[in-house]
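Structure record follows, encoded as structure tokens.
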Amino acid sequence: MRLRNAILVCLVCGLASMPWGCGKPPDPPRPETTADLDPSLKEAFATALRAVEENPGNDRSWQELGLTYHANARPDLAAACYEVLVARNPGDARVHALRAMALDDVGDRSGRLESMRKAVEHDPRNVEYQWQLSRYQLSDGQADQACVTAEEARSIDGNNVQAAHALAHALLEAEQDARAETVLKAWLVKQPGDLHAHHLLGVALRNQGRALSARGHVAAGMGSGPDWHGAESRVIETWARGPQALRTRGLALVDAGEADQAVTIFNHLVSGYPDDATLVLNLGMATAATGDSTTAESLYEQAVRMDPELDIAHRQLAGLELRGRSEAALRGDADALGQAEAHLRRAQEIAPDSAATNALLGRVMVLQGRTAEAAELLAKASIANPGDLQLGFSTANLLLDEGRHDDAMSIIEVMRVLRPDDPQLVVLSAAVHSGRGDLETARTLLQQAQRRWPRHPGVKAAITDLEASQ
Amino acid sequence: MKRGIPLLLVCVAAGCEGESSSKPEVAEASRITWLQNQQAESGIDFLHVTGHDGVHLLPEAVGSGVGVVDLDEDGLLDVVMIQTLPGSGTRVYRNLGEGRFESMMSLGAEDTIGMGVATGDYDGDGDLDLYLTNLGRNLLYRNDGGGTLTDVTAAAGVGEPGFGAAATFFDADGDPHPDLVVVNYVDWTPELERACRNAQGDPDYCAPTDYGRPTVDVLYRNNGDGTFTDVTAASGLPSAPGTGLGVIASDFDGDGREDLFVANDTMPDRLWHNLGNFQFEDVALVQGCAVDNSGTAKAGMGVTAADIDFDGDLDLMVCNLSGETDSVYRNEGTHFRDITANSGLAVVPRGFTRFGLGWVDMNNDGLLDLFQANGRVGQMPRRYSEDPYAEPDLLLRGLPNGRFETVETSWAAATGRGAAFADLDNDGGLDVVVNNRDAVPHVLMNVHPDRGHWLLLDVREAAGGPALGATVTMRVGDRAIRRDVRTGWSYLSANDPRVHVGLGDIDLAREVTVTWPDGTRLSLGDLDVDRIHLVRPPVDQSEAGAGDAAD
């Protein structure tokens with residue numbers, strides 16, 4: 001009788017959907033204090049908490065609370081929310097994955113592994129869960145197992161960049177350097193511009209004692225971090241309500257060509273933080289991307305007034321002088337070039353080693369005919385930013401014109417690592433050898449290029465030029 | 001050290017209270033007390049003060065260091081606590097033994113902001129002198145014996161006026177006079193300060209890259225007559241300006257010359273290979289320690305080096321910012337291999353901002369443990385104490401499989417910066433002093449109840465000063481142990497110049513050999529454990545290998 005009553009009570013209170021059974025639902029986790037939090041963050045926490053308190057049986061509310069905590073540097077509280085969801089939905093791979101990521105951020109090694117294993121168990125064809133599990137295994141010292149898991153991820157999606165990186169990292173930690181080299185070389189055939197893969201290939205070569213071969217790849221991949229942002233991580237990031245997350249989102253929108261949305265976000269932020277010069281600058285950048293240069297200029301000037309040391313604002317002002325105008329028009333406009341140079345000089349004073357400033361200032365100087373100074377700046381910028389191939393091409397050409405053959409060759413070598421199949425780079429290499437007077441090497445290079453790319457007009461023209469010069 | 005606005009998924013890690021799911025695991029075997037904070041009873045009543053007054057100034061975020069050095073030559077290491085606030089606030093505490101100290105003197109200058117400390121016998125008189133790095137003129141204090149210090153900065157010519165961070169005396173040229181390298185942080189003045197915000201949108205400290213003004217480190221040649229010559233310009237160091245915070249000098253490639261590893265904050269680290277004749281070449285990129293496998297330049301701060309895998313060469317570790325893993329490099333002879341994940345250090349430390357750093361054997365089991373002094377440089381929603389920058393320090397036990405596991409600690413969270421490692425009470429257990437930002441220090445005495453046997457080797461030069469750069473090798477059981485005589489490592493700090501070795505259950509160190517920087521070797525044979533051995537070089541080469549010069 002008692003059993004029947006218990007069943008009845010449980011049916012009434014919906015035991016199947018409430019892991020806490022018929023008792024009181026768990027209290028949602030909360031920060032110890034919110035007194036020191038930014039008002040917008042405090043409000044975000046309060047809103048999400050309220051939703052859970054009003055409807056503790058609602059999965060979505062718990063998930064939103066967890067995401068809000070997680071996106072705002074409280075993974076410990078997020079993990080507790082996800083734990084409730086896991087108890088309610090033990091077969092849902094996604095909530096296991098969310099919990100795993102929160103526990104990873106907390107530093108709970110075994111907890112994150114266990115949770116991500118469950119995510120994989122419930123959704124074994126999910127490439128994101130597989131490569132994340134591989135990463136966790138790797139940082140837990142299970143390099144061999146991490147290799148197996150990453151291979152599985154690659155078998156699910158051979159084009160997934162994180163899976164490729166995870167496999168390479170695992171192979172390197174497992175000291176399977178030759179295998180890592182093979183995998184990375186195959187990957188780079190598909191993705192020659194993957195700078196992090198170049199970095200890892202350099203590491204694999206170096207670990208095999210091939211320092212010279214490694215050099216170009218390591219240099220090319222310098223500063224390239226692995227992109228560990230899988231689908232779930234992106235969910236967490238985009239959930240963020242904190243001002244910095246909004247700022248990040250706004251900048252991403254500018255990059256994605258969604259300038260109007262970005263303007264809305266930055267207007268909102270500037271109204272909340274009117275004394276923040278960087279946000280005014282960001283609003284200017286978003287505004288410029290909409291095509292409204294006049295408003296953008298006034299915003300940049302406002303940012304400079306608020307913080308004269310904001311080098312990016314000076315650079316943006318210089319950029320406005322040049323934007324949308326042809327090279328020929330700019331060459332004849334000494335005033336505009338002078339204005340741009342003044343802005344860039346100020347930016348350079350503030351941050352002497354900024355590659356972006358040096359690149360732009362170098363371009364202005366080219367237009368002013370000051371090629372020797374320009375070559376110096378562009379070379380510095382190009383070395384600091386090897387992934388900018390357009391900059392690399394123009395710099396190498398300029399250095400060649402200036403007779404700085406060794407410097408030109410250094411830049412070309414890095415670019416050839418990034419683009420081994422680019423005939424233009426072979427032509428450039430040949431031009432450098434020719435400039436040095438080494439016509440034999442130049443000819444050999446061009447003949448090889450002709451065999452490889454028999455119809456390429458640049459190669460043909462270079463051969464004609466070389467023959468004519470003899 | 002990078003702040004401003006980190007990634008959103010910033011780790012807030014170990015030591016969390018509350019939800020059971022958010023606790024990093026601590027091995028049951030590690031739940032005994034290893035270190036106990038005895039600051040209150042030690043007599044070290046130093047209070048670090050940044051003078052923070054609402055405006056976030058870069059120097060407040062990074063200072064300060066701590067030094068341990070026997071200034072009065074009584075066999076007990078005294079403690080130097082560096083003060084950020086300008087003036088004579090840096091304090092020296094005399095070690096009275098048994099973990100007790102008394103105030104000894106004050107150091108510093110009105111126009112300098114204190115950062116770090118280095119020790120070395122620059123004048124060859126047999127005692128260690130002090131070099132203090134500052135934002136502003138650095139200061140050299142000559143030890144005149146008996147605990148008397150004289151400011152000889154101007155006469156010695158080492159008053160580098162930049163934003164000095166770490167410094168170390170080392171042997172650049174194979175002569176008996178220690179040279180000096182000073183690592184500068186950023187070309188910064190208060191007028192260049194910027195308005196930066198943290199992830200929550202509140203005003204906070206900027207990252208060094210926000211200023212875009214890296215600087216060149218400075219190399220001084222010791223002339224052997226009490227003066228130095230700045231040889232930076234022709235040394236190769238100007239070829240790669242950086243944002244240096246950490247430095248360590250060691251012969252990483254075994255060519256007989258001490259090289260320099262510099263940890264840069266958010267810029268690639270440098271390994272300056274010593275080519276001889278005060279010429280250095282940065283080989284970090286080629287040799288694999290400019291960045292780790294992540295490919296990104298991290299916020300390098302503290303550095304430590306030791307032979308963690310018993311293969312006779314020096315491995316290397318750099319600690320970084322919250323959200324970034326540490327970088328652990330195994331020396332492969334021709335290059336370094338990133339073994340951070342395999343060491344088990346890719347998860348727990350990532351939740352903290354680590355500054356002071358040491359591979360040290362805390363339980364004397366023969367395996368190096370790891371201590372990290374932690375404290376934030378940007379505020380985060382989770383707080384460990386009233387101090388918004390406070391974090392718990394980390395102690396990780398070295399395991400036979402080369403990995404590390406967390407040991408439970410009991411002292412309060414603070415904003416840890418420099419950490420110095422030394423056997424303060426000469427009981428064979430390594431103690432730690434941590435300089436905490438805007439707080440009293442931690443004086444962490446080693447109270448591990450089951451420490452193994454130990455040895456301390458006090459290796460001296462002929463003149464009597466510690467033989468910086470000397471190497472000690474020995475066999476302990478089936479392990480080949482290597483330790484170097486070195487004071488400059490960790491973060492802005494100077495450490496015990498004596499070599500400490502834990503032996504576990506083994507009660508004899510076999511085939512102990514000392515090699516001085518000039519190549520002189522001395523075989524000491526087998527040494528008894530649980531005592532301090534003083535080792536001097538043979539008077540002439542014929543003594544080398546002839547017997548036991550230790551006492």
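Proteins get letters first, then strands, A, B, ... in listed order; numbering begins at 1 in each.
- Shown here for B:Arg213 and A:Pro352, the closest heavy-atom pair between the two residues is CG-CD, 4.0 Å.
- To the nearest 0.5 Å, atoms CD1 (A:Ile350) and CG (B:Asp210) are separated by 12.0 Å.
- In this structure, A:Arg206 contributes its side chain and B:Thr334 its backbone to no donor-acceptor pair below 3.5 Å.
- Within a 6.0 Å sphere centred on NE2 of B:His52, other residues, nucleotides and ligands contribute more than 12 heavy atoms.
- The minimum heavy-atom distance between A:Leu200 and B:Asn293, with the atom names listed, is CD2-O, 3.6 Å.
- Proximity to chain B (any heavy atom under 4.5 Å) is shown, for A:Leu138, by both the backbone and the side chain.
- Of the atoms belonging to A:Leu195, not a single heavy atom falls under 4.5 Å from chain B.
- The greatest number of non-hydrogen atom pairs below 4.5 Å with chain A, out of B:Ser294, B:Pro388, B:Ala346, is found for B:Ser294.
- Residues passing the salt bridge (charged side-chain N to carboxylate O under 4.0 Å, His left out) test with A:Arg346 are A:Glu309, A:Glu349, sequence neighbours excluded.
- Using a 4.5 Å cut-off between heavy atoms, A:Arg215 touches chain B through its side chain atoms alone.
- With sequence neighbours left out, the salt bridge (charged side-chain N to carboxylate O under 4.0 Å, His left out) criterion links B:Asp292 to B:Lys298.
- For chain B, the nearby parts of A:Glu175 are the backbone and the side chain; heavy atoms of each come within less than 4.5 Å.
- For chain B, the option among A:Ala146, A:Ser224, A:Gly225 with the highest count of heavy-atom pairs below 4.5 Å is A:Ser224.
- Taking non-hydrogen atoms and a 4.5 Å limit, the residue list of residues 336-343 of chain B in contact with chain A, ordered by number, reads B:Phe336, B:Arg337, B:Asp338, B:Ile339, B:Thr340, B:Ala341, B:Asn342.
- With sequence neighbours left out, A:Asp307 forms a salt bridge (charged side-chain N to carboxylate O under 4.0 Å, His left out) with B:Arg194.
- Note on B:Glu193, B:Arg330, B:Glu191: by heavy-atom pairs under 4.5 Å with chain A, the leading option is B:Arg330.
- Closest approach of A:Met222 and B:Ala290 over heavy atoms only: CE-CB, 4.0 Å.
- In terms of heavy-atom pairs under 4.5 angstrom with chain B, the leader among A:His165, A:Arg112, A:Met306 is A:Arg112.
- Atom NE2 in B:His335 sits 9.5 Å away from atom CD in A:Gln208 (nearest 0.5 Å).
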